[in-house]
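One-based numbering, in listed order, for ligands and for the atoms of each. Computed from a prediction, not measured in an experiment: that's the story for all the values here.
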Amino acid sequence: MITIGLPRGLYYFKHYVLWEEFFRNLGCDIVVSDETNKHILDMGVKYCSNETCLPVKVFHGHVMSLKDKVDYIFIPRYISVDKNEYTCPNFCGLPDMTALNLKNQVKILDINVHIDMFPYLILKSLKELGKVLNLEYSYVVNALKEAYLVFTKKQESSNNFEPFNSIKDKTKISLSILGHPYMIYDSYLSMKLIEKLNKRNISIYTPDNIDNITKRINAYPFQGKIFWDIGFELLGSAFTFTSNEVVDGIIYLTPFACGVDAFILEFIQRRFKSSDSLPILKLTVDEHTGEAGFDTRVEAFLDMVG
Ligand code: SF4
């Protein structure tokens, strides 16, 4: 049986249900890399240039950790995942960048996802993937269709925030944790932030709690214009939570060297300043960030909003 490796980094945090289900439907064995740890981070740092953003470095570490355990490592090439929306350039070149940085030590299986302009590329990729895995094209297409149904169902169930009906629980602190999913849900990179806040009985809201359309409507000042998909997600989430006064503050977790966040954070902070809005704490994480200093800043912020 063919074994497929799924690196626990980047898109994995958003689409793991889709791809795990897909390869399971194809009858493949799946190995997901371990949760991020120091060894994985160090391997990623070793193989990437200094200027590379932290999540991409970590992704390389995950790929290396799978190298000798699987037949292929699956790395989708996401160019656009919706109409008029594009991914960060790192995602567009991820399979090539990984192969190059790791000096072709791993066998990569990729799929091209370009929903905005060339949606048929997915079908072309599935044909090629079928050839590599020695499977019928129609079988591969059906496997993806079925996986997509499971994925959308799971996604809908997490969009549980009702922008116009949500009422703040006055007895509890509520915070919005913003950032890329591979930052806020990776417990090593986020220093277990969500877990620590949950232990203190703080209500947490993330971009996953809001449906896609609401986020795009509220993504001031870019509503409806071509933009990075993650930009819509973060701007839309920040202004949805704050316009409904459901949260007491925002913690924005940003990785070192993220070009997208450099823009997004600026827009959020400017708008908050001009409208005397909510307190926001920006926490930048890089490979040298220490947990003690990180926790101290969170504590100080909680004192302020509490
Ligand atoms: S969006 Fe930022 S963190 Fe994510 S891959 Fe691009 S540069 Fe890196």
Trainee: Does Tyr137 have Lys127 sitting over its ring (NZ/CZ under 6.0 Å from centre, angle to axis within 45°)?
Mentor: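 Yes; both conditions hold, so Lys127 lies above the ring face of Tyr137.
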Trainee: For the pair Tyr205 and Phe241, name the ring-plane relationship: parallel under 30°, tilted 30 to 60°, perpendicular over 60°.
Mentor: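 Because their plane-to-plane angle lies in the 30° to 60° range, the rings of Tyr205 and Phe241 count as tilted.
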Trainee: Using the six-membered ring of Phe13, assess whether NZ or CZ of Arg8 lies under 6.0 Å from its centre and within 45 degrees of the ring axis.
Mentor: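 That pair does not qualify as a cation-pi contact.
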Trainee: Do Tyr185 and Thr206 have side-chain heavy atoms sitting under 4.5 Å apart?
Mentor: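 Of all side-chain heavy-atom pairs linking Thr206 with Tyr185, at least one is under 4.5 Å.
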Trainee: Please confirm whether Trp228 comes under 4.0 Å of ligand 1, counting heavy atoms of the residue only.
Mentor: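 Per 4.0 Å heavy-atom rule, Trp228 does not contact ligand 1.
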Trainee: Pull out every atom of ligand 1 sitting under 4.0 Å from any heavy atom of Phe91, numbered as shown with elements.
Mentor: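 Selected atoms, number and element: 5 (S).
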Trainee: Residue-level breakdown please: for His180 versus ligand 1, do any non-hydrogen atoms fall below 4.0 Å on the side chain, on the backbone, on both, or on neither?
Mentor: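 The side chain, only.
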Trainee: Under a 4.5 Å cut-off applied to non-hydrogen side-chain atoms, are Phe91 and Tyr86 in contact?
Mentor: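 No, every pair of side-chain atoms sits at 4.5 Å or beyond.
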Trainee: Quick one: look up the protein heavy atom nearest atom 7 (S) of ligand 1 and list residue, atom name and how far away it is.
Mentor: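 Closest protein heavy atom to atom 7 (S) of ligand 1: Asn90 ND2, 3.5 Å.
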Trainee: Which residue holds the protein heavy atom closest to atom 8 (Fe) of ligand 1, what is that atom called, and what is the gap in Å?
Mentor: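 Protein heavy atom with the smallest distance to atom 8 (Fe) of ligand 1: Cys53 SG, 2.3 Å.
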Trainee: Indicate whether the side chain of Tyr78 and that of His15 have a donor and an acceptor atom separated by less than 3.5 Å.
Mentor: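 Short answer, yes.
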Trainee: Can you tell which of Gly179, Pro89, Pro55 gets a heavy atom nearest to atom 3 (S) of ligand 1?
Mentor: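 Nearest heavy atom to atom 3 (S) of ligand 1 lies in Pro55.
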Trainee: Look at Cys258 and state whether any of its N, O or S atoms is less than 2.8 Å from atom 6 (Fe) of ligand 1.
Mentor: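 No N, O or S atom of Cys258 is closer than 2.8 Å to atom 6 (Fe) of ligand 1, so no.
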Trainee: Of all the non-hydrogen atoms in the protein, which one sits nearest to atom 6 (Fe) of ligand 1, and at what distance?
Mentor: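 Its nearest protein heavy-atom neighbour is Cys88 SG, 2.3 Å.
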Trainee: Out of all atoms in ligand 1, which are within 4.0 Å of some heavy atom of Tyr182? Include the element for each.
Mentor: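 This gives 1 (S), 3 (S), 4 (Fe), 5 (S) as the contact atoms.
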Trainee: Is it the case that the side chains of His180 and Asp261 hold a donor-acceptor pair, with the cut-off being a distance below 3.5 Å and no angle test?
Mentor: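 The answer is yes; a qualifying pair exists.
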Trainee: Cut-off 3.5 Å, side chains only: do Glu21 and Tyr16 have a donor facing an acceptor?
Mentor: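 The answer is no; no qualifying pair exists.
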Trainee: So is Val260 close enough to ligand 1, meaning a heavy atom under 4.0 angstrom away?
Mentor: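 Right, Val260 reaches ligand 1.
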Trainee: What atoms in ligand 1 come closer than 4.0 Å to a heavy atom of Pro255?
Mentor: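 Those of ligand 1 that fall under 4.0 Å from Pro255 are 3 (S).
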